[in-house]
Amino acid sequence: MCLKTNKIITYGTFDLFHIGHLRLLQRVKNLGQYLTVAISTDEFNAVKGKKTLIPYEQRREIVENIKCVDQVIPETCWEQKENDIKTLNIDIFAMGNDWEGKFDFLRDHCEVLYLPRTDDISST
């Protein structure tokens with residue numbers, strides 16, 4: 001019997017890391033066996049019009065040390081998602097449901113899931 005190892009990827013800024021972030025990462029990890037988290041760099045956040053309070057390197061270090069996270073990569077532009085999915089052999093792309101429908105174009109490459117956010121928690 002051969003079991004498929006689901007590789008999952010999610011993206012985010014993870015500034016002011018809170019329990020909602022943790023619970024989302026835990027739910028995403030429960031979808032498979034290997035979780036890659038792409039964290040928006042400070043430069044990319046500036047392009048998006050977002051100012052982070054915690055620098056990228058510190059946000060990366062925080063997320064890398066969460067036990068459900070297997071790998072952290074930088075997110076440097078909107079367009080990298082398709083390439084990440086192909087290069088990393090991703091089976092599932094997962095995001096919070098506040099992004100519902102925005103990444104459906106990736107369904108040609110992997111399963112796309114939108115998970116519920118933790119109620120009453122947001123750093124925005």
Side-chain angles (χ1 to χ4, degrees):
M1 179 180 191
C2 181
L3 296 176
K4 183 176 181 182
T5 302
N6 283 330
K7 289 185 172 183
I8 308 110
I9 195 164
T10 192
Y11 292 76
T13 299
F14 301 101
D15 197 26
L16 300 177
F17 196 89
H18 54 71
I19 194 69
H21 290 133
L22 180 61
R23 288 181 181 158
L24 179 65
L25 292 175
Q26 290 169 331
R27 286 195 308 269
V28 170
K29 174 65 178 220
N30 285 335
L31 299 171
Q33 295 180 337
Y34 194 87
L35 174 57
T36 298
V37 179
I39 299 176
S40 300
T41 62
D42 298 332
E43 296 79 13
F44 182 42
N45 278 318
V47 168
K48 294 189 286 184
K50 291 173 86 174
K51 172 85 170 106
T52 55
L53 297 177
I54 301 172
Y56 168 78
E57 287 300 325
Q58 291 178 26
R59 291 182 285 120
R60 178 192 51 77
E61 187 174 341
I62 290 166
V63 174
E64 277 180 339
N65 283 284
I66 297 169
K67 67 181 177 179
C68 64
V69 174
D70 298 296
Q71 177 183 24
V72 172
I73 62 172
E75 180 188 24
T76 60
C77 64
W78 290 112
E79 299 78 18
Q80 86 178 59
K81 290 174 180 64
E82 186 174 342
N83 186 59
D84 289 346
I85 289 166
K86 291 176 183 177
T87 303
L88 299 172
N89 297 310
I90 298 297
D91 301 301
I92 301 170
F93 172 94
M95 293 290 286
N97 63 1
D98 53 324
W99 290 96
E100 187 85 37
K102 299 275 196 276
F103 300 108
D104 288 353
F105 67 93
L106 297 171
R107 291 186 194 276
D108 291 341
H109 308 289
C110 65
E111 185 176 358
V112 176
L113 299 174
Y114 301 100
L115 303 176
R117 294 175 59 96
T118 303
D119 290 336
D120 302 320
I121 302 286
S122 177
S123 54
T124 55

Gap separating the CG atom of Leu115 from the CD atom of Glu100, nearest 0.5 angstrom: 9.5 Å
Between atom OG1 of Thr13 and atom CG of Asn45, what is the distance when rounded to the nearest 0.5 Å? 4.0 Å
Measuring from Ile54:CD1 to Asp42:CG, what's the distance to the nearest 0.5 Å? 10.5 Å
For Phe14, ring pair (Phe, Tyr, Trp, His ring centres under 6.0 Å) partners two or more places apart: His21
Who passes salt bridge (charged side-chain N to carboxylate O under 4.0 Å, His left out) against Glu61, sequence neighbours left out? none
Can you name the residues that form a salt bridge (charged side-chain N to carboxylate O under 4.0 Å, His left out) with Lys86, not counting sequence neighbours? Glu82
Met95, Leu25: one ILVMFWY side-chain cluster at the under-4.5 Å cut-off? no
Residue list, salt bridge (charged side-chain N to carboxylate O under 4.0 Å, His left out) with Asp84, at least two apart or on another chain: none
Any chain of hydrophobic side-chain contacts (each under 4.5 Å) joining Ile9 to Tyr34? no
Can you list every side-chain hydrogen bond (donor to acceptor under 3.5 Å, both in side chains) pair that touches residues 62-73, not counting sequence neighbours? Lys29-Asp70, Thr36-Gln71, Arg60-Glu64
Under the rule for ring pair (Phe, Tyr, Trp, His ring centres under 6.0 Å), what residues qualify as partners of Tyr114, not counting sequence neighbours? none
With sequence neighbours excluded, residues passing side chain to side chain contact (heavy atoms under 4.5 Å, CB included) with Leu22: Phe17, Ile19, Gln26, Ile66
Applying ring pair (Phe, Tyr, Trp, His ring centres under 6.0 Å) to Phe103 and not counting sequence neighbours gives Phe93, Trp99
What residue pairs, at least two apart or across chains, pass ring pair (Phe, Tyr, Trp, His ring centres under 6.0 Å) with a residue in residues 41-71? Phe44-Trp78
For Glu43, the salt bridge (charged side-chain N to carboxylate O under 4.0 Å, His left out) test, sequence neighbours excluded, returns none
Sorted by chain and number, sequence neighbours left out, side chain to side chain contact (heavy atoms under 4.5 Å, CB included) with Lys51 holds for none
What residue pairs, at least two apart or across chains, pass salt bridge (Lys or Arg N to Asp or Glu O under 4.0 Å) with a residue in residues 105-116? Asp104-Arg107
Give a yes or no answer on whether the side chain of Asp15 reaches the backbone of Leu53 with a donor-acceptor pair at less than 3.5 Å. yes
